[in-house]
Each structure stands twice: as structure tokens, then as C-alpha cells.
A.B. asks: 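This structure is in C-alpha cells; I'll ask about it shortly.
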Amino acid sequence: MRVSQLFNVTLREAPAEAEVASHQLLVRAGFIRQLAAGIFSYMPLARRTLTKIENIMREEMNAIGGQEMTMPVVHPADIWKETQRWYQIGSEMGRFKDKNNRDMVLAMTHEEVVADIVRKDIRSYRQLPRLIYHIQTKWRDDPRPRAGLIRVREFTMKDSYSLDADWEGLDKQYRAHYQAYFNIFHRCGIPVIAVKSDVGMMGGQMAHEYMYLTPIGEDTLVLCDNCGYSANRQIAFFQKTPPAPEEPLPAEKVYTPNAKTIEALANYLQVPKQKTAKAVFMVATLPAEDGGYKDTFIFAIVRGDMELNETKLANTLKAKDLRPATEEEILATGAVPGYASPVGLKDVPVIVDDLIPQSPNLVAGANEEGYHLKNVNYGRDYQANIVADITAAQDGDACIRCGAPLRTARGVEVGNIFKLGTRYSDAMGCTFLDKDGVEKPIIMGSYGIGSGRLMACIAEEHHDEKGLIWPITVAPYQVEIVSLGGQQSEKVQQVAGHLYQDLQNQGIEVLYDDRDESPGVKFMDADLIGIPIRLTVSERTVQQDSVEFKRRDQEEKRLISLSEVYATVKEEIDRLHQAIQAKVVEVPFEG
RNA sequence: CGGGGUGUGGCGCAGUACGGUAGCGCACCGCGUUUGGGACGCGGGGGUCGGCGGUUCAAGUCCGCCCGCCCCGACCA
């Protein structure tokens, strides 16, 4: 492609709203243009990179037996009602009515469609196992898109769905994806780790997220450098060290003016935070007896030095939804915000962290403005409805497996794999007859990777102050030819033009900057766009029957003779591919 | 949804305090010069100042309401 013909505009400055490097550079280099919050156009250069990313996905999916298909973006709401997700999912779901006033859904994901196809077409164990996938646009009306392509509302995702007759089959497909996903990310040039994750609204038995570690990430991960334990902070387990036992002391009411936070309380009473109990008020949406849901006020207690983990609490309660209580709701229960106490509280479910019963003589609220109770002891002074692990792992906590200090890090979720089990099969009646003629539910798994987000993470990982530096496997073009003074020198123009033709004829993807621009402009644009190999043709080089060779990821330039250009370019492309391939390794399964 | 910010030509910004009829850099078009790291000269084109309403002789500027976008949080297969 000649740059003079390319539908692409580079920007000297990034729009003010672009903050992270991948967003700024992808916009400046002309890869993406924003239409609305979280809605982007992918320009020709981006399309080429996305196609390469998607082809890598295809190769890896096909390698584990996947079969590509395409499913609709627009669904009738009926199937989403069947699985209840029509009711369970809030404003994130795109809903509209068709001309006949029927409820319709914009696809957020395709479990329902898969299940609908499967229940109609699969009848026998002979048709299992199967693995299908598609690469499709999805819509999730995220409350807060951010960081360019990292978090968007309209996005393209490679989604695969495994269908099995038994749990062993699911496990096999799950593990195949586990490795295939590492292969995909490694081939795209980004390091990732797989962490165990919350199954969330997908339901199911097991889930891993593939995280690209970066400070701009929005998920917090808990990692053990010693044994390799890793988990999303939402579900990370850790060892809790009980304090030294103490004789329970008599409870004592103390005056604590303006001590409404743990910080202020510990400061005022001059006690360490771990000697205090923190009251957290939540409202949980719980399943009701009538089959519906009802909001229930929840009083959660964790030690003052710890943080409530809302995901753990929600899972403990089997809550559909969980949110902080408002001040009015707190007052309505008879508790006093800032001075709330589990002691003497009635008719409110109390959930305490499992470390609380082992922590004697804590300071808790007195349910009276300006007063706390010292020496509150679980069991003697109050009881809980549930004792469970509801606190969040923090930096330095002990690893659940080996006891070494845990580290927290930020990451972007670039992919996930789920063992769905029979949740969708049960809801939508996906059954088959096994060898014995017994009707059984099909066992499903689902596995997703967002291609735009992946492209952004690659940009995030591979750039410098001048611009993008694409890995050879996903670069829009492999080689960029820059001609200098082509308007003045017929020779330069000829050499560059021939080189462009020759390399293309040899199957190399070439971008040829043939514009009548100053050298500075061309070099700057080349650096910004980030094609891995640059060949410069100028009066200076043609006089020596050579061109200048430079790799985008290296500073060195060297002259190579025209007769050796193809061989050198080929060799360097192979070398770049080999370096990537060397990273595609087997990763032990961490179940 | 809560908190904060922001909106002036394609991009980056000034002008708003103190109301007087819109400006700078880059980009774009034409001509000429220039050509190894974002050139120069001359001449051009392009803006309902986010929207609506109000105050005023006069509103980019003051007042009210609304909207978009960005950041933090909540939320998130």
C-alpha cells in the first residue's frame, strides 16, 4: 500500500481526553477514531492488525478442534427470558423493540443462541463433543467506558463454546483452551498470567481470567511470587493470622466524640486498628421464597485493619446484587452510622468475617452517638447469622498455599474461560440421549477474548515515546519503505518503486511512503505507526546501490545492497517470528 | 448512579475575571523555494463558541436548564 493512497491521518497531538499510551498512540497513528463513548471505528491499519489477531485466534481454535460459525447480533428477548438473564441483567443489556413491538436484545454474549441451536440440533451422544466459535460484535452498555479500547461498549469478541456429554469432556476442552489462550497471547506478543476468577453471573464451576499486567489495569490481582498462586482479588484466599488469645474483659462503654471512622477511632483511643471491629452496611438482593427477589439489609463485620470483599460477601449470601446501604437505610434499622454495633441489634442479618471470633476484646460501636464499646467479644456479646471469609486480601498478607507474602498488581482482563456446566442446558432444555438411552443435559463451557482490547494491550506493551512498535505477528505491514527526495530524484523513485513491487511479489506486506513530504515527517510517521522493519531509499543510498535498513525496535541502521534486500528482509522477518515463537510455551495448568 | 473536570475550525489551545460582534499553533488548499528526523515565503478556505431558554442596545463571556466527553468510585460474561 502506498501511503499517498492510504486512508489514514496521523495526528501530531493526541486528543485531550486520551490518557493512556495505547489510546493516544492508536488515535495519533490513525488506527482508531471515536464515535461516542466506548464506540470506535477501526481504520484500515487497525483492521489489518485485528485481522491478524483474529487469524491467530482462528488457528489456535482450529488446532483444538474448533469450528468457526457466526451467530446473530440481534436476539429475540425470549431466549434471554428463558435463562432469566433478561431479568437478572440491568442497564448493561441493550434492549429495544422491533416493529412488531417484540422485545429484542443486542448480543452481550451468545450462550442463549448456542443453547437454542444445540437444543434443536443435538440429540445424541454421537454428536458430542463439539467445539464451536465465532468472532462477533457484542454490545454491553457499560456504565463507564474508559482508556480508549481497554473498556468499550461495542466490541468484537472471539467466543467459543464447548459442548460435552460428561464432565471429563468439559475438563478436557477447558484445559485445551487454557493452553490455546496462552498460545494466542504469546503469539500476539503479550505476557499474560491466568488467575482464578469469580464465576459471576455466568454461573458455573470454574473460571480463569487471562490478565495482562499493567498499572492501567482495572482489576486488582493477588500474586504469590514464591509458589505462583494467583487470583483476582475478588476471590483471592489468604491466610489469616489469629491474634494472641486474651481473657475476655468486661465490656465497657467509652466516650469517643467524632470517631466515626476506624482511623479516627484507633487514633482517639490509641489502639491499633486490628483491635477494632468495622461495621459495613450493605443491601443484598436475595432470592425470596416466592421465587422473586427481595432487598435485605446486611450488617457485615470485619476487623478494623481489613477490608470487606464484596464479591466474597455476595457469594456467601448467594446475593444477586449487593450495594452499600444509604444513611437513611442504616438509620431505619436502629443503627447509628459511625457508631454502629452488632451488640443488641435485632432483626438484621449479621455476617462476620471468620477472623472476628478469634479476635478478642475489640472496640465496636455502642449504637449511640459519640460512644463505642471496648472489649466486645464474639459469642459472649453477640452472635452472627453467618461466619465466613468476607475480607479482601491485601498487599503483604500470607499466601493461602505457602504462607509467603502476597503481592497485589493491576491487570487488564484480555480473556476468560468458564466451565458453565449445565446452567444454560438446564434453563433451555439442551439434552441428548447417552449410550444407555438416558436423557442428559449437555455440559457447556464458554471462552472469550476481546480482539480490540487485545490490540490495545499489545500497543500498551509495545511502544516507546515515538510511537507504536508492532510485533511482527500482528503488524499491519511487515515492512515500510520510506523514499526521500523521490520527487527530485527519478532514480530514488525508481529504486523505491521497484523495491516496493519486488518485495510484494515475494509475498511481503509492504507499506510504501511515497508522499512528497520532508524526511522528518516521513520518519516521524513511520515511528508512530510502528511497522517492524523500515527501509529508507534516498539519493545517498542509491548512489551506493543500497538501501538503509532499520528495525523499529532497534536504534541501529545499516546499509544493505539492493541485491540483498529481499534476503535480509526475509531473514529479519523470520528472526522476529522466531523470537515470538520462542515465547509460545506450554504453561502448567493451575486448577 | 455518586464525586471531580471539561466543551471555542480536523487536533492542541488562548479569549470568559471586567459583555462590545472570535484569535494563535499545527493540519488543509494554491504558487514558489526546500529535501536524512515534524522546512520556509506569499496567498487562501474553514467556527450556529455543545444545545435550549433568559438578562441586555449588545452574550463565547452573565443567569437557568439540558446534553456530550474525560477522570475517580460504584458496576462489570
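Since this is a predicted model, take the numbers as computed values, not measurements.
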A.B. asks: Please say whether the positively charged group of Arg558(A), taken as NZ for Lys or CZ for Arg, lies over the ring of Phe549(A), i.e. under 6.0 angstrom from the six-membered ring centre and within 45 degrees of the axis.
C.D. replies: yes

A.B. asks: Using the C1' atoms only, state how far rG12(B) lies from rU48(B), rounded to an integer number of Å.
C.D. replies: 23 Å

A.B. asks: So what's rG41(B) paired with, Watson-Crick or G-U wobble, going by both distances under 3.5 Å?
C.D. replies: rC31(B)

A.B. asks: If you count every heavy atom of other residues, nucleotides or ligands that lies below 6.0 Å from Gln554(A) atom CD, does the total exceed 12?
C.D. replies: yes

A.B. asks: Show each protein N/O and nucleotides 41-51 of chain B N/O combination with a separation under 3.5 Å, one pair to a line.
C.D. replies:
none

A.B. asks: Students often mix this up, so state it plainly: with edges at 30° and 60°, are the rings of His75(A) and His110(A) parallel, tilted or perpendicular?
C.D. replies: perpendicular

A.B. asks: Establish, from distance only, whether the side-chain atoms of Glu539(A) and Ser489(A) form a donor-acceptor pair under 3.5 Å.
C.D. replies: yes

A.B. asks: Just how far is it from atom CG of Asp159(A) to atom CE of Met71(A), taken to the nearest 0.5 Å?
C.D. replies: 7.0 Å

A.B. asks: Side chains of Glu111(A) and Ser446(A): do they bring a donor and an acceptor to under 3.5 Å?
C.D. replies: yes

A.B. asks: Going 5' to 3' through nucleotides 26-38 of chain B, assign each nucleotide B (protein heavy atom under 4.0 Å from a base atom), S (under 4.0 Å only from sugar-phosphate atoms) or - (no protein heavy atom that close).
C.D. replies: SS-------BBBB

A.B. asks: Please report the distance separating the P of rG19(B) from the corresponding atom of rC57(B), rounded so that it comes out in whole Å.
C.D. replies: 15 Å

A.B. asks: Considering Watson-Crick and G-U wobble pairs with both distances under 3.5 Å, what does rG53(B) pair with?
C.D. replies: rC63(B)

A.B. asks: Using purine N1 to pyrimidine N3 plus N6-O4 or O6-N4 for Watson-Crick, or N1-O2 and O6-N3 for G-U wobble, each under 3.5 Å, what pairs with rC13(B)?
C.D. replies: rG23(B)

A.B. asks: Measure CZ/Arg515(A) against C1'/rA39(B) and give the value in whole Å, please.
C.D. replies: 15 Å

A.B. asks: For rG46(B) versus rA14(B), give the span between their P atoms, rounded off to a whole number of Å.
C.D. replies: 25 Å

A.B. asks: Look at all strands and tell whether Pro15(A) reaches a base, only sugar-phosphate, or nothing, counting heavy atoms closer than 4.0 Å.
C.D. replies: sugar-phosphate

A.B. asks: Which heavy atom of Glu218(A) sits nearest a heavy atom of Arg410(A), and at what distance?
C.D. replies: CA-NH2, 3.8 Å

A.B. asks: Which value, in whole Å, describes the distance between the C1' atoms of nucleotides rG64(B) and rG20(B)?
C.D. replies: 24 Å

A.B. asks: How far, in whole Å, is rG23(B) from rC63(B) if one measures between their C1' atoms?
C.D. replies: 27 Å

A.B. asks: Using a cut-off of under 3.5 Å, enumerate the N/O to N/O pairs linking the protein to nucleotides 68-71 of chain B.
C.D. replies:
| from | atom 1 | to | atom 2 | distance (Å) |
| --- | --- | --- | --- | --- |
| rC69(B) | OP1 | Ala37(A) | N | 2.8 |
| rC69(B) | O3' | Gln34(A) | NE2 | 3.3 |
| rC70(B) | OP1 | Gln34(A) | NE2 | 3.2 |
| rC71(B) | OP1 | Ala147(A) | N | 3.0 |

A.B. asks: Please measure how far the C1' atom in rU16(B) lies from the corresponding atom in rC49(B), and state the result in whole Å.
C.D. replies: 11 Å

A.B. asks: Among Tyr447(A), Tyr161(A), Tyr133(A), Phe182(A), find the residue that satisfies the ring-ring contact (aromatic ring centres under 6.0 Å, His included) test when tested with His177(A).
C.D. replies: Tyr447(A)

A.B. asks: Indicate the ring-plane relationship of Phe185(A) and Tyr210(A), choosing parallel, tilted or perpendicular according to the 30° and 60° boundaries.
C.D. replies: tilted

A.B. asks: What contact category does Phe155(A) fall into here, base, sugar-phosphate, or nothing, at under 4.0 angstrom with non-hydrogen atoms?
C.D. replies: base

A.B. asks: Does rG68(B) have a Watson-Crick or wobble mate here (both distances under 3.5 Å), and if so which one?
C.D. replies: rU6(B)

A.B. asks: Do we see a donor-acceptor contact under 3.5 Å between the side chains of Glu548(A) and Thr541(A)?
C.D. replies: no

A.B. asks: May I ask you to check whether Phe299(A) and Phe281(A) place their ring centres under 6.0 Å from each other?
C.D. replies: yes

A.B. asks: Pick the P atom in rG41(B) and in rU34(B), then give their distance to the nearest Å.
C.D. replies: 15 Å

A.B. asks: Is there a salt bridge (charged side-chain N to carboxylate O under 4.0 Å, His left out) between Glu307(A) and Arg233(A) once you walk through the steps?
C.D. replies: CA-CA 11 Å; Glu307(A) 271 178 53; Arg233(A) 187 158 184 244; 3.6 Å; yes

A.B. asks: In whole angstrom, give me the gap between the P atoms of rG43(B) and rC24(B).
C.D. replies: 13 Å

A.B. asks: Provide, to the nearest angstrom, the distance between the CG atom belonging to Asn232(A) and the C1' atom belonging to rC75(B).
C.D. replies: 14 Å

